[in-house]
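Here the structure is laid out as structure tokens; the discussion comes afterwards.
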Amino acid sequence: MLVDWQQRRLASGRTYWVPTQLWQVLPPDLFATIRVPRSSAPDGYVEWDLRDRDDRRRCYESLIVSTIPHMMVRWLDGGFLVDLWDELDLPAELRRAWEPAVERYGASTITDVMAVAEAPETAAYGSGATVRSYAPLESDQG
């Protein structure tokens, strides 16, 4: 997947980047612990454990506000971003700029679960995973 980026400037003069679309991050980066230099931290670093929801939220805020596209693509996952979007503390202008990509990625779809159950071999899976085989337990009724 190729993601195009546009650099923009806040009224304060600070610049930020806006993607045309969101992406998926795969493990192990999806659940990494990120250590970032920060002069205000007691030891000069701040760490975020992406397995922890609060840390992930703080990390995503920092990535969106103050890093480059290469860093965002590595650790900022589209699905987790959609999940956290309403909780992120972002400048209003920056939030508005990102919203089209967030809304497209998080667009709701309706899936008929019974269609998958009745014809699983024809089901399309968004995960990229395919069921090779499975063997149901024999029924103990009868």
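The salt bridge (charged side-chain N to carboxylate O under 4.0 Å, His left out) analysis of residues 9-19, with sequence neighbours excluded, yields no pairs. Counting only residues at least two apart or on different chains, no ring pair (Phe, Tyr, Trp, His ring centres under 6.0 Å) pair has a member in residues 60-100.
With sequence neighbours left out, R51 forms a salt bridge (Lys or Arg N to Asp or Glu O under 4.0 Å) with D49. Contacts of E47 classified as side-chain contact (heavy atoms from CB on, under 4.5 Å), with partners at least two apart in sequence or in another chain: T33, R35. Here D54 pairs with D52, R57, R58 under the side-chain contact (heavy atoms from CB on, under 4.5 Å) rule; sequence neighbours left out. Judged as a side-chain contact (heavy atoms from CB on, under 4.5 Å), and not counting sequence neighbours, the contacts of Q7 are T15, W17. Taking the side-chain contact (heavy atoms from CB on, under 4.5 Å) definition, one finds that V82 meets it with L22, V102, Y105, sequence neighbours left out. Checked against salt bridge (Lys or Arg N to Asp or Glu O under 4.0 Å), R53 has the following partners two or more places apart in sequence or in another chain: D83, E87.
Interatomic distance, CG of L88 versus CG of L63, reported as 10.5 Å (0.5 Å rounding). The CG atom of L90 sits 5.0 Å away from the CZ atom of R95 when rounded to the nearest 0.5 Å. L50 CG to R56 CZ: the interatomic distance, rounded to the nearest 0.5 Å, is 6.5 Å. The CG atom of D77 lies 11.0 Å from the CG atom of D29; values are rounded to the nearest 0.5 Å. Note that CZ of R74 is 12.0 Å distant from CD1 of I68, once rounded to the nearest 0.5 Å. Taking OG of S62 as the start and CE of M71 as the end, the distance is 7.5 Å to the nearest 0.5 Å.
A distance-only check finds no donor-acceptor pair linking the side chain of Q6 to the backbone of V18 [under 3.5 Å]. Between the E99 side chain and the L94 main chain, no donor and acceptor come within less than 3.5 Å of each other.
By the 4.5 Å heavy-atom criterion applied to side chains, Q24 and M1 are not counted as neighbours. Contact check for Y16 versus I64: no side-chain heavy atoms found under the 4.5 Å cut-off. Side-chain contact check for P19 versus D4: every heavy-atom pair is 4.5 Å or farther apart. With contacts defined as side-chain heavy-atom distances shorter than 4.5 Å, the pair V3/P69 does not qualify.
Shown here for W48 and V36, the closest heavy-atom pair between the two residues is CZ3-CG2, 3.7 Å. Scanning all heavy atoms of the two residues, the minimum distance from A97 to P100 falls at O-CD, 3.5 Å.
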